[in-house]
Amino acid sequence: MDNKEQKLSLKREVGLAGAVSLIGGTMIGSGIFMSPQTVLYTIGSPGASLVVWACCGLLVILASFCYAELGTVIKESGGEYIYILRTSGPVVAFLLIFSSVLFVRPAGVVGISLSFAQYVVAPFYPDCTPPVILVKCVAATAILTLATVNCLNVRFSMSVQVFFMVAKVFALVVIIIGGMVMLVRGHDENFEDSFANTNVGINSIGIAFYQGLWSYDGWNNLNYVTEELKRPEVNLPRAVVIAISLVTGLYLLVNVSYLTVMTPKELMSSNAVAVTWGNKVLGSWGWIMSVAAALSAFGSLNGTFFSGGRVCFVAAREGHMPDILSMAHVRRLTPSPALIFTTIISLVVLIPGDFQSIVNYFSFTAWFFYAITMCGLLYLKIKKPELPRPYKVPIILPILVLVAAVFLVLAPIIDNPQIEYLYVSLFIFSGILVYIPFIHYKLCPGLLTKLTLFLQLFLEVAPADKNL
Ligand code: ARG
């Protein structure tokens, strides 16, 4: 109990520095080591790929300004779930939590773990693609290890975060410095005629953004914990500007470095760009990049597990989630039911999933709900102008973000439609089939109570005051 109280009071103390690292730490992970080749491949030219990376940064900065207003008007923690609940109502909010618990979060876990696995095995297969089954087994091992660590001990998983943060920033800075040295020495031939062969198809632009935006995902992380932030009206907007501009700057420079060192062809055919980069620049020390990139992904995976229970907790408070998912272990205080649940689904998603498609479906679903959140902000601005707003954005911002989000969701559907996006959409809306009988009409309450009781005894968990 002691431990817990100390923890809660600690958590209410998130200041500016903590807030910046909370955002930056989630954003930097697997994407910048996995997506540059796909962005380049889909968009076709080095110049356009840098423009895509810059525009992704701009889009998430604008979106996070809008979230800052939402976070100061609707002060509860819970991110888009709570904003959608308060503006669009319980049905849409349920669809969000339904897709998030069953697909978006596990997909995030799988994407990051695949990146980790790719970098762990890359040094052993210098000249060929590693066997898929091996990559998946390594990914599964990482998921199971971190799930276990996070079920056993909160402290440990928190303290290792700093170590991983150092690893990722180190990797990015090494890549940037290496690239700059090469550029200064005059290796700029890959930037000649840098917009030649650009693909301007709607689908290419959409997919390139999906891949880029995956690397930026996590920009909204602070909105999940607004209740724990000191002076949110000041620190929320400040933290997002600092963190997102830093990350955007780093990502752009890293891409410039990749493009300086590798020809577009080499970049596109690489399975693990940072390793190819390392082999070319650091020679026999190239392996160090694979270690750093693997650690970066491992750290993000840990962070994703760690922050997972929160939204479930808020949703369970609203009766949208089985209570069991918001409970914590009686002694360890870890949200083990939610962790175990996410682990099981992640392992299922891992079996058929490959990094690129997982990232595309992830971004599709995420931006679908960001669009609805923007509609919520517009609704509040137009219909409830009287609400106190310590922080305000001009109405044009949510409109711009909404237009971009609608484009992102529709782009891969209208141009070159793939059946998978239909499945993902059907899945999102199938939440209604669960909502109507079980939440609206509250059918079979006894069934869930019995199951909850059984699982509570089995897992030794109890309702927590505040989820971890
Ligand atoms: N931006 C992260 C990366 O590049 C992925 C974040 C996944 N989303 C999340 N909420 N953890 O690895």
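Order of appearance sets the numbers: ligands from 1, and atoms from 1 within every ligand.
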Next item on the list: Run the ring-centre check on Y361 versus Y421 and record whether the distance is less than 6.0 Å.
Entry: yes
**Message:** Can you confirm, on distance only, whether ligand 1 has an N/O atom lying under 3.5 Å from any N/O atom belonging to D217?
**Reply:** yes
The option among G299, G218, S30 carrying the non-hydrogen atom nearest to atom 3 (C) of ligand 1 is S30
Check your understanding: Do S215 and W53 meet the criterion of a side-chain donor-acceptor pair at a distance under 3.5 Å?
Key -> no
Residue, atom and distance of the protein heavy atom nearest atom 4 (O) of ligand 1 read G31 N, 2.8 Å
Residues, nucleotides or ligands: over 12 heavy atoms within 6.0 Å of Y435 OH
yes
Less than 4.0 Å between a side-chain N and a carboxylate O, is that true for R86 and E318? yes
Counting from 1 in the order shown, the ligand 1 atoms closer than 4.0 Å to a non-hydrogen atom of S215 are 1 (N), 4 (O)
Quick one: are the ring centres of Y216 and Y251 less than 6.0 Å apart? yes
Discussion item. Using ring centroids (six-membered ring only for Trp), state whether W367 and F362 fall under 6.0 Å.
Written reply: no
Within the 4.0 Å heavy-atom cut-off, what S300 brings close to ligand 1 is neither
For atom 2 (C) of ligand 1, the closest protein heavy atom turns out to be M27 O, 3.3 Å
Here the atoms of ligand 1 under 4.0 Å from any heavy atom belonging to T26 are 1 (N), 2 (C), 11 (N)
Looking only at protein heavy atoms, what sits closest to atom 5 (C) of ligand 1 is W214 O, 3.6 Å
Q.
Does either side chain, that of Q37 or that of Y258, offer a donor lying less than 3.5 Å from an acceptor on the other one?
A. no
Closest to atom 11 (N) of ligand 1 among protein heavy atoms sits T304 OG1, 3.2 Å
